[in-house]
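Data block below; observations after.
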Amino acid sequence: MLIFNHNFIRNRSCMGKKYQEYKQLDLTAINKEIFKYWEENNIFNQSLSLSKGSPEFIFYEGPPSANGQPGIHHVMARAIKDIFCRYKSMKGFHVARKAGWDTHGLPVELGVEKNLGITKEDIGKKISVDEYNEACKAEVMKYKDMWDNLTKQMGYWVDLDNPYITFKNEYIETLWFLIGELYNKGLLYKGYTIQPFSPAAGTGLSSHELNMPGCYRDVKDTTMVAQFKIKNSEYPNAYFLAWTTTPWTLPSNTALAVGTNIDYVWVNTFNPYSAEPIIVLLGKPLLGSFFSEEAKDLPMEYASGDKVLPYRIIKECKGKDLIGIEYEQLLPWVKPGDGAFRVIGGDFVTTDDGTGIVHIAPTFGADDDRVAKQNGVPPLALIDNEGKRQPMVDRTGKFYKIEDLDANFVKENLNIDLYSLFAGKFVKNAYDANLTEKDMSLDVEIALSLKQEGKAFKIEKQTHNYPHCWRTDKPILYYPLDSWFIRTTALKDRLIELNKTINWKPESTGTGRFGNWLENLVDWNLSRSRYWGTPLPIWRTEDGKEEICISSVEMLRNEIDKSVVKGFMNENKYASNDYNSFDLHRPYIDDVVLVSSKGEKMFRETDLIDVWFDSGAMPFAQVHYPFSCTKEELNKSFPADFIAEGVDQTRGWFFTLHAIATLVFDSVAFRNVVSNGLVLDKNGNKMSKRLGNAINPFEVIEKYGADATRWYMVSNSQPWENLKFDIDGVDEVRRKLFGTLYNTYSFFALYANIDSFAFEEAEVPFNERPEIDRWILSELNSLIEMVDASYNDYEPTKAARAIGNFIDEYLSNWYVRLCRRRFWKGEYSQDKISAYQTLYTCLEVLSQLMAPIAPFFAEKLFLDLNNISNKHKDTNNNPIGSVHFTLLPKANHTLIDKDLEERMQLAQKICSMVLSLRKRNNLKVRQPLQKIMIPASSKEFINQVEKVKELILSEVNIKEIEFLSAQNNVLVKKAKADFKSLGPKYGQKMKAIANALNSFNQEEIALIEKEGKISIDIDDNKIELLLSDVEITTQDIPGWVVMNEGSVTIALDTTITDTLRKEAISRELVNRIQNIRKEQNFDVIDYIIVEIEYNPLLEEAINEYYNYITGETLTKELSLVRKNDIEVYIGQHNTKPISTIDVIEGVELAINIRKV
RNA sequence: AGUCUCGUAGCUCAGUUGGUUAGAGCACUACACUGAUAAUGUAGGGGUCGGCGGUUCAAGUCCGCCCGAGACUACCA
């Protein structure tokens, strides 16, 4: 019996540390282990201190509000931020990352009110403002711990220990400084805007409050079409028709708006109520809503009460022809001043409903106000007895009483006879405690009054959608309210100019959404009538003639001192330098009364500042500029290199950052910005608690780990596109990406430990490494280049996909698959070392490339490798503590060989085609075959294939490749037009040429191949085609099994000779023995003894391939015996052999395998 | 209503300056492979590229209109 001596166990002396091996992949466990490691070793802080002194990469954290729970979309947003900060850190930058909390604003107030069971009215009554504010401070940090947990668990590195907090006095002081700067530049002013206002609640409402569910309701109101008499018309009795759903605004009308491109008609007809003959003007498309078609031919006779209104169109014109025409005031109660009562153009005018002519009351409509201001039309204003300009309706929702108005104004501008009939009446019955919905409304009264005068063309009840106050359930009014504005429009051009220097991802957000927003910029309304926020630091005398803008605590202190001296205040509560000793919030700040230069009292304007100003000011306020930080110091953290936030922040944080930086510092606030999209559920619906489709981020991270979650989010779609979050996708990432990489590492660790490979040997020179090593290293370096460029371009999705593709397609399914034997066969030779080094390098580089996206797994992989090899050392020569301390490897261009990459792709393609042919012809890969033939169109092609020939042959178990020259006349070829080269040349004749080429016979193809050109007839024209205009492919090789793919054709020799058959049997045998080894849980290095039941065919195979079989299976003794003997053996020993195998078709043979 | 984004296989997504068999993964079915094995390969089915019109020799790709989803802004007389 032959004893095969196998040299598997190496006697290498270095049996030191081992690469860690794992039973299975557990991402959550890795997550937790690395998290603990980071915490215990202060890895984040270390990474910051290690990079100290390096160039700064400036990042701003957009502050979240911790009064709501974090959702899965926050994981998305924070992953984006983290990825680029980690990346830049690995590019050698120092990346400070200060967390922040947005603490002011309405949601906080609402949360507090809900918790305490109070409403705004109760503030100052049931609860002191003081207590209320304390409750706000607590409320706003309600979920801070949860946020901190999520931040840490998902691996977002940000300094949570020293966050900026917007309610701190220092923070507010910087805001005051900025407001002061704006004030001094003349960019702050007081004006009014039309805002939703609830007379019942006596307060303005935000659009947020208006969008709360149930606020918009269908209500039935009296609507009317009023007639506005045209002045100086060629027709005596001509009127504009304008529709309104709020007749109570008609006394405040000061203009009519038309659409410049809308067609209008002048119509001869009658007033339906008075039967007076009139001419009316309205939009042509709306003619049908007032007149029936047949009425245009009826005699021009009409009596009040008749059903059909006869009419004649007398002329048509465009809206722009009407602009400037004056009309008589409809209800001449109040004189508005010059410029009123004429037609203006309005871009919002439609012909969807109404008359195509819009009644404009600038005091009660936002559009109205805007268009009136643009056209110099005055609003209809009253002067109250305090001398202030007011709309006709007071804050309780009623027309002003005459006694509440300025006496002079009444005398000069008010028609007392007309107005007194309506003075003091509420514009909606809901506001008047004495009225019900059944009572006649003011709308009806006005409509009837106009009807009497013959100025109503149509009065009817109509149902329409109208907003209601969510607190009182009563209708809201649009109402002019005092506001402070920042004159952003003054620097509009500069804002646009600076925006062009910002790199937006995606670009369209910057040019489109944000760019358009800037083009249509309006002044920034800063005022909010609330309690919990940054107070507006402006004090005014009661007459508004003197004012002061406080821009620092010190300035406040000094002004209070003056006031104390004057006796307006008893003490200075802001006297101390200790910022913890006072509070700049309401109500304390409201107690401050200052003294004007003329010695009068000045009171604070009660408004708060828009919370967006808080967050937009964070570049300055987070460093308490200029009080704790000089301009030079500020410049180290301003402007930001990078910010990222949801696309919904375009007009929020992105704008306010940009606006404040531009207005105050004439600078951008950020150079690069990624605006990420929404996270939707897997069906594309918005996630909400209400729908119950919200995904709990903690559960996802607990189950799949942060890495898989992050990787899924980043690789699935571009950050700025909406993500349809499907939990199965996370699992797929776990299996496909991390599972594959884990397998690859496990494979490496298994054999590296056996061989004690610790990367101690010098690197095998690149040109001494085999083709396959040079190939994967070439691909690896291409990958480095690609990934680096993608990260640098803020394209994390491209980076993630490229890495994933490399791991799966190149490393696992080609490199490792083809190289397996090199790791477990043979001596510890240069080839083997080369294999180890190559695979090690791939794994290590991958850990670095993926570190920004999958920080935990990458850390684990890196440490597992580096702790053995110590390739990356710290200053004490110990293994470096983290992959996040390393610099991203640079692509080595000398290692990139595009020819090599190309021919390996060719090899993969050929293998895939051969396997496909085998499959189709039912030929197992274990059955060796003699030959494949490949038609070769060029020398280059042959050269390329020759270099990867061995790989192909062993992979598909074939003995040889034969190239067929193009001239070979066995080949059946096919010609096809090259559209790209022929198209531009022949244009319209393309189709005919393509058809002609398709029907080329073998002779014609041979001719063009030989001559390099051919003439054909197309539509009686001779056309000369060049070989380069034609694609020629091999279609068939008669007598062979053939496959085509693109330009490559493969033919397979399917003959199975006796020798091939025997070899197949030996391979089958090896396969069975290996399976049994595994089933019996033998170690990979155990030697065995094999006994198999005798069979003549098997004997032949074994005789011929004895060395091969025993070598592959670590068999010391292989013998064929009588079946009996095996059974006898089994009886004697208590081992558990596998009883039968079927290496030859239809024959089952007994077998016994045991360890030596 | 305006601005912007998106619409490609059952699902998630690629698709170069327009160039002729529209790709990949998942899922499904069948078969294979098995010292990486809860992995992998091969094959198959599955597409009016949202719709209509236009430009062009040629459109998933460019233009216009429409439909659908979403975001933001504004809000309708």
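Residue numbers begin at 1 in each chain, while the letters A, B, ... track the order of the sequences. Just so we're clear, the structure is a prediction, and the values are computed from it rather than from any experiment.
Straight-line distance between the P atoms of A71(B) and U55(B): roughly 38 Å, to the nearest whole Å. Rounded to whole Å, the C1' atom of G15(B) lies 31 Å from the corresponding atom of C31(B). Separation of the C1' atoms belonging to U21(B) and G7(B) is 24 Å when rounded to the nearest angstrom. Comparing the C1' positions of C13(B) and A27(B) gives a spacing of 15 Å, expressed to the nearest Å. Comparing the P positions of G18(B) and U29(B) gives an interatomic distance of 42 Å, to the nearest angstrom. Spacing between G25(B) and C72(B) at atom C1', rounded to whole Å, works out to 33 Å.
Other residues, nucleotides and ligands contribute more than 12 heavy atoms inside 6.0 Å of the NZ atom of Lys909(A).
Across the protein-nucleic acid pair, Trp517(A) atom CH2 and U73(B) atom P stand 7 Å apart, rounded to whole Å. At whole-Å resolution of the value, CG in Asn805(A) and P in G15(B) are 14 Å apart. Atom C1' of nucleotide G25(B) and atom CZ of Arg734(A) are separated by 16 Å, given to the nearest angstrom. Between the CZ atom of Arg735(A) and the P atom of A38(B) there is a distance of 13 Å, rounded to whole Å. Between the CD atom of Gln1074(A) and the P atom of U37(B) there is a distance of 14 Å, rounded to whole Å. If you measure from atom CZ of Phe748(A) to atom C1' of A39(B), you get 20 Å, rounded to the nearest angstrom. Rounded to an integer number of Å, the gap from Leu811(A) CG to U40(B) C1' is 14 Å. Rounded to whole angstrom, the span from the CG atom of Asp808(A) across to the P atom of C13(B) amounts to 19 Å.
Between Tyr479(A) and Phe364(A), the ring planes lie tilted relative to each other; the angle falls in the 30° to 60° range. Ring-plane geometry between Phe823(A) and Tyr815(A) is classed as perpendicular, the angle between the planes exceeding 60 degrees on a 0 to 90 degree scale with a lower cut at 30. Taking the six-membered ring for Trp and thresholds of 30 and 60 degrees, Tyr810(A) and Phe806(A) have ring planes more than 60 degrees apart, a perpendicular arrangement.
Among the protein residues, Arg817(A) comes within range of the nucleic acid bases, having at least one heavy atom under 4.0 Å from a base atom. As judged by a 4.0 angstrom heavy-atom cut-off over every strand, Asn743(A) is placed among the base-contacting residues. Counting non-hydrogen atoms under 4.0 angstrom, Ser746(A) reaches nothing in the nucleic acid.
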Sub-3.5 Å pairs of nitrogen or oxygen atoms, protein against nucleotides 29-33 of chain B:
{"residue": "C31(B)", "atom": "O2'", "partner": "Lys919(A)", "partner atom": "NZ", "Å": "3.0"}
{"residue": "C33(B)", "atom": "OP1", "partner": "Arg926(A)", "partner atom": "NH2", "Å": "3.1"}
{"residue": "C33(B)", "atom": "O3'", "partner": "Arg926(A)", "partner atom": "NH1", "Å": "3.4"}

Pick out the pairs of N or O atoms, protein on one side and nucleotides 55-59 of chain B on the other, that lie under 3.5 Å.
{"residue": "C57(B)", "atom": "O4'", "partner": "Gly987(A)", "partner atom": "O", "Å": "3.1"}
{"residue": "C57(B)", "atom": "O4'", "partner": "Gln988(A)", "partner atom": "N", "Å": "3.1"}
{"residue": "C57(B)", "atom": "N1", "partner": "Gly987(A)", "partner atom": "O", "Å": "3.3"}

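Using a 4.0 Å cut-off between a side-chain N of Lys or Arg and a carboxylate O of Asp or Glu, Arg817(A) and Glu955(A) qualify as a salt bridge. Salt bridge Glu795(A)/Arg801(A): absent, no basic N to carboxylate O contact under 4.0 Å.
The partner of G70(B) is C4(B), by the rule that a Watson-Crick or G-U pair needs both atom distances under 3.5 Å.
Side chains of Thr249(A) and Ser252(A): a donor-acceptor N/O pair is absent below 3.5 angstrom, by distance only. Inspection of the Asn957(A) and Arg1067(A) side chains reveals an N or O donor paired with an N or O acceptor under 3.5 Å. With hydrogens and angles left out, the side-chain atoms of Asp731(A) and Tyr704(A) include no donor and acceptor closer than 3.5 Å. With 3.5 Å as the limit, one finds no donor-acceptor pair spanning the side chains of Asp26(A) and Tyr742(A).
Not one side-chain nitrogen or oxygen of Asn722(A) sits closer than 4.0 Å to the OP1 or OP2 atom of U5(B). Side-chain N/O atoms of Tyr742(A) include none lying less than 4.0 angstrom from OP1 or OP2 on A38(B).
Judged by distance alone with a 3.5 Å cut-off, a donor-acceptor contact links the side chain of Ser812(A) to the base of A36(B).
Take Asp443(A) and apply the salt bridge (charged side-chain N to carboxylate O under 4.0 Å, His left out) test, not counting sequence neighbours, and it matches no residue.
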